[in-house]
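Input: a single structure, listed below in structure tokens.
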Amino acid sequence: QEQLVESGGGSVQAGRSLKLTCTVSGFKYKPDCMAWFRQIPGKDRDGVASIDAWSTYYTKSVEGRFTISLDNTKTTLTLQMNNLKAEDTAKYYCAARQDRYCYSNDFDVAGQFDHWGQGTQVTVSS
């Protein structure tokens, strides 16, 4: 049973940092593209960053502040979030897909991913 489990969310003040972790398990074949999305109530789930064997992609609002990484065994995906802003407040989700790498034109499209975690809440107060 494929499973993605996020951890590391919490409440912080603006300007501080948080590190999110996604533990990957149960995949017969490791995902080819992994990503972080975020969602606030009543809004669409938006892509934050993605990573595959060759590339990383970031949505513009987090470039220079967030860093996505994946360990060599592809079992731990992380999102280091620095200089957090109030507008980063959301529920963050780990996502994965197989048989297709990450691309700049769809790394942030939720419908292109078929495996999801349950999410972890990040709240940033100004």
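Keep in mind that what you see is a predicted model, and the values were worked out from it rather than measured. What's counted below: heavy atoms across the whole structure, side chains too, no hydrogens, waters or symmetry copies.
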Note to self: For Phe27 and His115, take the angle between the two ring planes, folded into 0 to 90°, and tell me which bin it lands in: parallel under 30, tilted 30 to 60, perpendicular over 60.
What the structure shows: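 Plane angle over 60°, so perpendicular.
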
For [X] and [Y], indicate whether the former's side chain and the latter's backbone hold a donor-acceptor pair under 3.5 Å.
| X | Y | answer |
| --- | --- | --- |
| Gln80 | Thr67 | no |
| Tyr58 | Ile68 | yes |
| Asp44 | Asp46 | no |
| Asp71 | Thr76 | yes |
| Glu6 | Gln118 | yes |

Note to self: Please determine whether a side-chain nitrogen of the Lys or Arg among Arg97 and Asp106 lies less than 4.0 Å from a carboxylate oxygen of the Asp or Glu.
What the structure shows: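 Salt bridge between Arg97 and Asp106, a charged N being under 4.0 Å from a carboxylate O: yes.
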
Item checked: Under 3.5 Å side-chain donor-acceptor pair for Asp108 and Thr59 ->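 Looking only at side-chain atoms, Thr59 and Asp108 do not form any donor-acceptor pair under 3.5 Å.
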
Notebook entry, point to check: Is there a donor in the side chain of Thr78 and an acceptor in the side chain of Thr21, or the other way round, less than 3.5 Å apart?
Noted result: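 No donor-acceptor contact under 3.5 Å links the two side chains.
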
Check: Is there side-chain contact between Tyr29 and Glu2, with heavy atoms separated by less than 4.5 Å?
Finding: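 Not touching, per the 4.5 Å side-chain cut-off.
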
Next item on the list: Report yes if the side chains of Thr75 and Thr23 come closer than 4.5 Å at any heavy-atom pair, otherwise no.
Entry: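 Not in contact.
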
Roughly how far, to the nearest 0.5 Å, is the [atom2] atom of [Y] from the [atom1] atom of [X]?
| X | Y | atom1 | atom2 | value |
| --- | --- | --- | --- | --- |
| Thr120 | Tyr92 | OG1 | OH | 10.5 Å |
| Arg16 | Leu18 | CZ | CG | 9.5 Å |
| Ile51 | Cys33 | CD1 | SG | 9.0 Å |

Margin query: Could you see if Tyr57 belongs to whatever hydrophobic cluster contains Leu70? Use Ile, Leu, Val, Met, Phe, Trp, Tyr and a side-chain cutoff under 4.5 Å.
Written below: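 No, separate clusters.
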
Notebook entry, point to check: Looking at Tyr93, is Arg38 sitting on its ring face, NZ or CZ under 6.0 Å from the six-membered ring centre and within 45 degrees of the normal?
Noted result: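 No, cation not above the ring by the 6.0 Å, 45° rule.
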
Checklist line | Glu63, CD: over 12 other non-hydrogen atoms inside 6.0 angstrom | finding: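 Yes, enclosed.
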
